[in-house]
Protein chains: 2
Amino acid sequence: MTQDTPAADTTRDRVLSTSASLFCRYGYAGVSMRKIAQCCDMKAGSLYYHFASKDQILVEVLNLGIEKVHAAVAAVLRVDASPADRLRGAIAAHLHALLEYSSFTSANVRIFRQVPVPVRDSTLEVRRGYEALWDGFLGELKAGGHLRDDVDIRSFRLMLIGALNATLEWFDPELGDVSELADRYADMLANGIFAERGT
Amino acid sequence: MTQDTPAADTTRDRVLSTSASLFCRYGYAGVSMRKIAQCCDMKAGSLYYHFASKDQILVEVLNLGIEKVHAAVAAVLRVDASPADRLRGAIAAHLHALLEYSSFTSANVRIFRQVPVPVRDSTLEVRRGYEALWDGFLGELKAGGHLRDDVDIRSFRLMLIGALNATLEWFDPELGDVSELADRYADMLANGIFAERGT
DNA sequence: GTCTATATCTGGATAGAC
DNA sequence: GTCTATCCAGATATAGAC
């Protein structure tokens, strides 16, 4: 059904990829079937051969977004490395997927809260899986004594993913280096910004 | 023109406040003049007595959003306190404005990137003023030797504001305490999450 | 200051030719 | 698998009564 090929080699894939970019830029309601079709060099009616409705396109875009970033981060976390390097690597993987590789991932971040509730609900399971991936990793770090005792894992994960996703609002991968960005974020988050640790 | 009164005491203010909530929830294109009017117990045609167009409502909503959070944070930063307390206070002020007081602020965060470019451009100046407020404060901290030398102020400001704005996606002020949230965030950002500081 | 009525356009979705 | 043509609901905005 959904393929792993990065580019869009079927019409169906091309429609999904195009829709993701448009949703990301204009929001859910700001994208019409006519516009999607136009960007795929098709007519609107033809889309309904591949998809039953606009919302079906939406659901697939949202799920693919999480699945792609999940796969990227999971691959990095499977590699054995120091806690600092694993955190750096996982952050870098998330940022690359968000900013460079996947319009699905960025679309998910931008429009998730404004899609119809039934659509949102049908993507919650995939979302929870990604959260669990991070919580598992951070739990390991804590169990290994690498995190401060008073750091709450869920709070940190929410702050981290929030900070990473927000780069979408200002970072341009044409102008900056995503890996450098990841290193800077990882350093600030791991070590803090204050010269002296205190209360 | 724009008043400081928290609630909406004129019809014009009520329209703006209602529009902000709707924009925040449904996105720019997802809100119609009919819907705004309906939520204000009016008919769509009546809105045009107060505003020339939907985009004019939008511009005012966006600018009010930044102005409100700017005022809240600036007020806190005027108070003399320790670096840690000032950071905590500024973060708390931003989060309160975002999550509790101002639908304008949350609307701004959610829809800024999807509004028509001319509208976005007409609000850039107000935005820059808020960024300058934070950069000024962080610059003071750095000049006073309170920040690590290798922390880049712009990077941190972007990460911080991004992390704070992202709370909109998951935090419910009915269920959690915004001040506690602010304290946790300030602590993690100031001191980091790792047990030992390192590379 | 708000209403009704309307002009004009664009939206999602379907039917049926090819 | 893609097209054209079309239905109908809903969009912004305007005009003019009250």
Side-chain angles (χ1 to χ4, degrees), chain A residues 1-3 5 7-62 107 111 114-120 122, chain B residues 1-3 5 7-62 107 111 114-120 122:
Chain A
M1 183 189 290
T2 58
Q3 298 181 239
T5 42
D9 54 356
T10 69
T11 301
R12 200 188 146 80
D13 289 344
R14 219 174 67 244
V15 170
L16 285 173
S17 171
T18 302
S19 302
S21 302
L22 289 172
F23 283 143
C24 183
R25 171 68 184 80
Y26 298 104
Y28 164 67
V31 178
S32 64
M33 295 297 270
R34 283 172 167 84
K35 202 176 200 171
I36 293 172
Q38 189 193 325
C39 292
C40 294
D41 293 310
M42 302 172 67
K43 300 295 173 179
S46 313
L47 292 173
Y48 289 88
Y49 173 80
H50 301 279
F51 301 92
S53 66
K54 179 178 171 182
D55 282 2
Q56 196 203 321
I57 298 181
L58 185 60
V59 170
E60 298 202 26
V61 165
L62 291 176
I111 66 172
Q114 58 184 242
V115 305
V117 174
V119 172
R120 210 161 62 197
S122 72
Chain B
M1 184 189 293
T2 57
Q3 298 183 237
T5 42
D9 55 355
T10 68
T11 301
R12 197 189 149 81
D13 289 344
R14 219 173 68 242
V15 170
L16 284 173
S17 171
T18 302
S19 302
S21 303
L22 289 172
F23 283 142
C24 184
R25 171 69 185 79
Y26 297 103
Y28 163 65
V31 178
S32 64
M33 296 295 269
R34 282 172 165 83
K35 204 174 200 171
I36 293 171
Q38 190 193 324
C39 292
C40 293
D41 293 308
M42 302 171 68
K43 301 295 172 179
S46 313
L47 292 173
Y48 290 87
Y49 174 80
H50 302 278
F51 301 93
S53 67
K54 180 178 168 181
D55 281 2
Q56 197 203 321
I57 297 182
L58 185 59
V59 171
E60 298 202 27
V61 165
L62 290 177
I111 67 172
Q114 59 184 240
V115 305
V117 174
V119 172
R120 209 161 64 198
S122 72

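Keep in mind that this is a model prediction, so the values were computed, not measured. In the text below, chain A, chain B and the rest are named by the order of the sequence lines, each starting its count at 1.
Counting to the nearest Å, the C1' atom of C:dC9 and the CE atom of B:Met33 are 16 Å from each other. The CG atom of A:Asp13 sits 13 Å away from the P atom of D:dG1 (whole-angstrom rounding). Rounded to an integer number of Å, the gap from A:Ile36 CD1 to C:dA13 P is 10 Å. Going from atom CZ of B:Arg14 over to atom C1' of C:dT2 covers 12 Å, rounded to whole Å. In this structure, B:Tyr49 places its OH atom 18 Å from C1' of C:dT4, rounding to the nearest Å. The nearest whole Å value for the distance from the NZ atom in B:Lys35 to the P atom in D:dG10 is 11 Å. The nearest whole Å value for the distance from the CZ atom in A:Arg12 to the P atom in D:dG1 is 11 Å. Distance CG (A:Asp55) to P (C:dG11): 16 Å, rounded to an integer number of Å.
Closest to the A:Met42 side chain, of the nucleotides C:dA13, D:dC3, C:dG11, is D:dC3. With C:dT2, D:dC3, C:dT4 as the candidates, the nucleotide lying closest to the side chain of A:Lys43 is D:dC3. Here D:dC3 is the nucleotide among C:dA13, D:dA13, D:dC3 with the atom lying nearest to any side-chain atom of A:Ser46. Closest approach to the A:Tyr48 side chain among D:dT2, C:dT2, C:dG12 is made by C:dG12 (side chain taken as heavy atoms from C-beta onward). When the nucleotides D:dT12, D:dT2, C:dG12 are ranked by their closest atom to the side chain of A:His50, D:dT2 comes out on top.
Here the straight-line distance linking atom CZ of B:Arg14 with atom CE of B:Met42 works out to 7.0 Å at 0.5 Å rounding. The CD1 atom of B:Ile36 sits 6.5 Å away from the CG atom of B:Leu47 when rounded to the nearest 0.5 Å. Atom CZ in A:Phe23 sits 11.0 Å away from atom OG1 in A:Thr18 (nearest 0.5 Å). Here the straight-line distance linking atom OH of B:Tyr48 with atom NZ of B:Lys43 works out to 15.5 Å at 0.5 Å rounding. In this structure, the separation between CG on B:Leu16 and NE2 on B:His50 is 10.5 Å, given to the nearest 0.5 Å.
Using a 4.0 Å heavy-atom distance criterion, B:Lys54 is classed as a sugar-phosphate-only contact.
Residues A:Asp41 and A:Arg34 both approach DNA chain D. Their nearest nucleotides, taken by heavy-atom distance, put A:Asp41 toward the 5′ side.
Regarding contacts with the backbone of D:dA11, every side-chain N or O of A:Ser32 stays at 4.0 angstrom or more from both OP1 and OP2.
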